[in-house]
Amino acid sequence: MSAYREGDKVVVMVPSRLTKAEEEQWIATILERLEERERRRRPSDADLQCRARELSRRYLSGRADPVSVRWVANQRTRWGSCTPDDGTIRLSTRLRGMPGWVVDYVLVHELAHLLIPGHGADFWELVGNYPKADRARGYLEGVAAAAHLPLEADAPDDVADIHHGDGLHRGGEYPHEAAG
Ligand SMILES: [Zn+2]
């Protein structure tokens, strides 16, 4: 017996020999387990904040100290964003359910922006402290390509983006992102 998600549906495979009542019982149990498994993979805002602190300590000498880290559902073309002025970080709920090391990468990326706003060499050097940075960027690019996300998501630097909160995005390196 197994269960998996297909879009917004859950597909449960059960042996055909079960009675209707047994089947319902099994489906309920399987859905419960699936939910539990997913809950473990979907940290809350508080978990996220805790995780960010830990990552800052481990990879950024604790210098990035976000005031808040939370999930947001309204970021269509960015995996993450931050506002250095008030120290807030937001992660797209599209990251939920992805491997922890991918979510960690986006957190490290945004934490690094609290220290360095742009995407210059110094920024990438800092992000590079996180050992799986390149792998995670590749993973996110793959997800974006597979989901046919808007063009902006394909830009190499857009896997996690900065939002300055004042309507200005970083420099002119990737001008197509200015409207994001
Ligand atoms: Zn960025």
Side-chain angles (χ1 to χ4, degrees), residues 4-5 7-8 10 31-119 123-144 146-147 149-150 152-153 155-170 177 180:
Y4 59 91
R5 268 191 200 284
D8 53 3
V10 177
L31 288 181
E32 226 167 77
R33 275 190 215 150
L34 187 70
E35 225 163 76
E36 169 63 24
R37 198 166 71 202
E38 287 181 346
R39 205 166 49 75
R40 265 180 286 147
R41 293 187 68 178
R42 292 181 181 209
S44 66
D45 286 354
D47 293 334
L48 215 50
Q49 174 117 15
C50 198
R51 190 76 194 142
R53 292 245 160 81
E54 167 68 17
L55 291 166
S56 173
R57 199 175 56 75
R58 205 184 298 173
Y59 301 112
L60 307 171
S61 322
R63 288 184 296 132
D65 187 18
V67 170
S68 85
V69 187
R70 60 191 178 86
W71 295 105
V72 290
N74 60 358
Q75 297 198 129
R76 288 192 318 111
T77 62
R78 286 173 296 169
W79 298 111
S81 65
C82 80
T83 309
D85 287 348
D86 63 11
T88 58
I89 289 175
R90 291 156 299 278
L91 256 57
S92 167
T93 48
R94 281 190 294 130
L95 289 164
R96 283 184 154 180
M98 287 190 196
W101 54 270
V102 174
V103 179
D104 282 357
Y105 161 73
V106 180
L107 280 173
V108 169
H109 185 116
E110 299 308 327
L111 286 166
H113 274 317
L114 293 182
L115 307 171
I116 303 174
H119 289 95
F123 172 80
W124 289 116
E125 197 184 317
L126 196 60
V127 170
N129 287 342
Y130 179 62
K132 288 181 178 164
D134 284 345
R135 212 177 136 203
R137 290 179 74 193
Y139 183 101
L140 292 171
E141 279 168 24
V143 170
L149 293 175
E152 297 93 287
D157 279 328
D158 198 40
V159 291
D161 198 13
I162 182 172
H163 176 69
H164 291 290
D166 57 5
L168 287 175
H169 295 259
R170 65 171 191 278
E177 283 180 18

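What you see is a predicted model, and the numbers here were worked out from it, not measured in a lab.
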Looking at [Y], is its backbone amide N or carbonyl O close enough to the side chain of [X] to form a donor-acceptor pair, meaning the two atoms are under 3.5 Å apart?
X: Gln49; Y: Val67; answer: yes
X: Glu110; Y: Ile89; answer: no
X: Ser92; Y: Arg94; answer: yes
X: Ser56; Y: Ala64; answer: yes
X: Asp45; Y: Arg70; answer: no

In terms of side-chain heavy atoms, does Arg90 have a donor or acceptor partner in Ser68 at a distance below 3.5 Å?
no
Between Asp86 and Thr88, is any side-chain donor less than 3.5 angstrom from a side-chain acceptor?
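Asp86 vs Thr88: donor-acceptor pair found between side chains.
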Heavy-atom distance under 4.5 Å between the side chains of [X] and [Y], does that happen here?
X: Leu91; Y: Val72; value: no
X: Leu95; Y: Trp79; value: yes
X: Leu60; Y: Leu55; value: no

Walk me through whether Cys50 and Arg53 qualify under side-chain contact (heavy atoms from CB on, under 4.5 Å).
CA-CA 5 Å; Cys50 198; Arg53 292 245 160 81; 5.9 Å; no
Could you pull out all residues at least two apart from Arg51 that satisfy salt bridge (charged side-chain N to carboxylate O under 4.0 Å, His left out)?
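If we apply the salt bridge (charged side-chain N to carboxylate O under 4.0 Å, His left out) test to Arg51, skipping adjacent residues, the hits are Asp104.
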Salt bridge (charged side-chain N to carboxylate O under 4.0 Å, His left out) involving Arg135 - partner list, sequence neighbours excluded:
none
Assign the ring pair His109 / His119 to parallel, tilted or perpendicular, where the plane angle (0 to 90°) is split at 30° and 60°.
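If you compare the ring of His109 with that of His119, the planes turn out tilted.
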For Leu140 and Tyr105, run side-chain contact (heavy atoms from CB on, under 4.5 Å): C-alpha distance rounded to whole Å, both residues' side-chain angles, the deciding distance at 0.1 Å, then the answer.
CA-CA 10 Å; Leu140 292 171; Tyr105 161 73; 4.0 Å; yes
Shortest non-hydrogen contact from [X] toward [Y]:
X: Ala73; Y: Thr93; answer: CA-OG1, 3.4 Å
X: Tyr139; Y: Pro99; answer: OH-CD, 3.1 Å
X: Leu126; Y: Arg63; answer: CD1-NH2, 3.6 Å
X: Leu111; Y: Ala52; answer: CD1-O, 3.4 Å
X: Leu114; Y: Pro84; answer: CD2-CA, 3.9 Å

Quick one, Val102 with Val143, criterion side-chain contact (heavy atoms from CB on, under 4.5 Å). Give me CA distance, side-chain angles, the key distance, then yes/no.
CA-CA 11 Å; Val102 174; Val143 170; over 6 Å; no
Going from CG on Asp47 to CH2 on Trp71, what distance comes out if it is rounded to the nearest 0.5 angstrom?
9.5 Å
By side chain to side chain contact (heavy atoms under 4.5 Å, CB included) - contacts of Asp134 (at least two apart)
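Listed in chain order: nothing, the list is empty.
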Got more than 12 heavy atoms from elsewhere within 6.0 Å of CD, Glu54?
yes
Centroid-to-centroid, Tyr130 to Trp101, below 6.0 Å?
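Judged by ring-centre distance (under 6.0 Å), Tyr130 and Trp101 do not meet the cut-off.
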